[in-house]
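Input: a single structure, listed below in structure tokens.
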2 protein chains.
Amino acid sequence: MAKGKRATAMAENRAKLIRAARKAFATQGYADASMDELTAAVGLTRGALYHNFEDKKGLLWAVVEQIDGEMAERLRIAREQAPSLWLGLLAEGSAYIEMALDPEIQRIMLLDGPAVLGDPSKWPGENACLEITMRTIRALIEQGIVKPVDVEAAGRLLNGAALSAALWVAAADDPKSVLNKAVDAFRELASGLLRDAREPA
Amino acid sequence: MAKGKRATAMAENRAKLIRAARKAFATQGYADASMDELTAAVGLTRGALYHNFEDKKGLLWAVVEQIDGEMAERLRIAREQAPSLWLGLLAEGSAYIEMALDPEIQRIMLLDGPAVLGDPSKWPGENACLEITMRTIRALIEQGIVKPVDVEAAGRLLNGAALSAALWVAAADDPKSVLNKAVDAFRELASGLLRDAREPA
DNA sequence: GTAATTCACATACGAGGCGTATGTCAAGAG
DNA sequence: CTCTTGACATACGCCTCGTATGTGAATTAC
């Protein structure tokens, strides 16, 4: 049982470091986040960091993975609450846009993440958000609601549109009205994928 | 006239530094680019750098501004060569995607730029690329070809879609076939903006 | 039961890199 | 001819990262 105790203590320290990193990376950005400060903030030193993670990048990997999972979960919920698959796709887009309003997500997942870790499409967890969107599109094609487009291409461009919309909204002086415009435009664009121009229920 | 000589010499050094920075930032990334190496590569020192620019960020600003201008010019040409305004919009999208295949543009404009300088929509030169897209959309609305959508919203989402398409293509193992898929998907999405589902010539 | 090993960190060290303060030399001003 | 200005170069200090080494507790071996 003593071994279990040590294992959980280590897991707690890992969690502490990740939590501290989320804060530090979100508020100061990856480059300006000091590992000394970050670790000291949770009563540890850089020694713990380099023992639990590969390096500074490794810590960012862990943070990104955690946030990515949370985002995917929220997307899944948004889609499941929609009354139809097509509205589910639109709901995913809206949810994605709204998520990107979170400074943490914006900074870590949309700015520093890609810059430091490279293209998100090659992240492990295989970009859970994209996977979800693709699954929805694939189902819509099978139902004959969406044109037989390339699923990955459509998913990526749709997510890309949502992403830029999110950044726009986040940087706007008047986020509320801009959010409405962004969501509307997203619907119009998405409707280009429809087999019939008229949107289904 | 001696004053002119000094002025041009300074301009040349500025240009040298910017050129060196484009190379260094593109190949090593902003964070890993050493100012000592960068300046030494053109026979100068960091002294010249901090005299001509505010700091490392300032140099990146200058580089970004230069590349942004070049990109806008290429977009303009792509649109002007198209036989119609609508096809011009699609041509812009394709050109944007193809440009992002350039590692320099990808790294500096799409990855490090946003991470270090913040949201591109607030860059000076006011994001020339977006301006061009918006102008085209506005004209298409006036001609009754495109739905009366919010111009900025449509422009941003369209550019965002092109951007993510570009990143996808750039990171692909087989860029050629992926490029086709991406351009196709872009057209489908864009057609969502059309008043009539049938695409005009 | 004790000696040895492993583990999960802490501490210490070295190597850059950035920004700034200071020095320098040529060019114009007066 | 002196003085100032400008365009750099040189020198310095501070910070940060990664690694090498130390350490005490926990586990294992005997």
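Bear in mind the structure is a predicted one, so any value in this text is a computation, not a measurement. Each chain gets a letter, A, B and so on, in the order its sequence line appears, and its residues count up from 1.
- Taking 4.0 Å as the cut-off between side-chain N and carboxylate O, E12(A) and K16(A) do not count as a salt-bridged pair.
- Closest heavy-atom contact between L90(B) and A190(B): CD2-CB, 3.8 Å.
- Between R22(A) and E104(A) there is a salt bridge, since at least one side-chain N of the basic residue sits less than 4.0 Å from a carboxylate O of the acidic one.
- Going from atom CG of D55(B) over to atom P of dG19(C) covers 5 Å, rounded to whole Å.
- Per the geometry, CG belonging to L60(B) stands 12 Å off P belonging to dG19(C), to the nearest Å.
- Of the residues in residues 17-42 of chain A, A33(A), S34(A), M35(A) come within less than 4.0 Å of DNA chain D through at least one heavy atom, sorted by number.
- Shown for residues 44-51 of chain A: residues whose heavy atoms fall under 4.0 angstrom of DNA chain C, namely L44(A), T45(A), R46(A), G47(A), A48(A), H51(A).
- Between the CD atom of E12(A) and the P atom of dA8(C) there is a distance of 14 Å, rounded to whole Å.
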**OP:** Could you check D174(A) against S177(A) for side-chain hydrogen bond (donor to acceptor under 3.5 Å, both in side chains), going step by step and ending with a plain yes or no?
**Re:** CA-CA 6 Å; D174(A) 177 13; S177(A) 77; 2.9 Å; yes

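- Counting to the nearest Å, the C1' atom of dC17(D) and the NZ atom of K57(A) are 13 Å from each other.
- K56(B) and F25(B) get closest at one heavy-atom pair: CE-CE2, 4.5 Å.
- K16(B) places its NZ atom 16 Å from the P atom of dA7(D), with the value rounded to the nearest Å.
- At dC9(C), one or more side-chain N or O atoms of N13(A) fall inside 4.0 Å of OP1 or OP2 (strictly under the cut-off).
- Residues A165(B) and I97(B) approach most closely at CB-CD1, 3.8 Å, considering heavy atoms.
- Judged purely by distance below 3.5 Å, without hydrogens or angles, the side chains of W168(A) and E152(B) pair a donor atom with an acceptor atom.
- Atom CD of E54(B) and atom C1' of dG19(C) are 11 Å apart (whole Å).
- In this structure, the CZ atom of F53(B) is 14 Å from the C1' atom of dA7(D), given to the nearest Å.
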Could you pull out all donor-acceptor pairs under 3.5 Å where a side-chain atom in residues 71-78 of chain A meets a protein atom, sequence neighbours excluded?
from	atom 1	to	atom 2	distance (Å)
E73(A)	OE1	R76(A)	NE	3.3
E73(A)	OE1	R76(A)	NH2	3.3
E73(A)	OE2	R76(A)	NH2	2.6
R76(A)	NH1	E80(A)	OE1	3.2
R76(A)	NH1	E80(A)	OE2	2.7

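- Between E142(A) and R138(A) no salt bridge is recorded (no basic side-chain N to carboxylate O distance below 4.0 Å).
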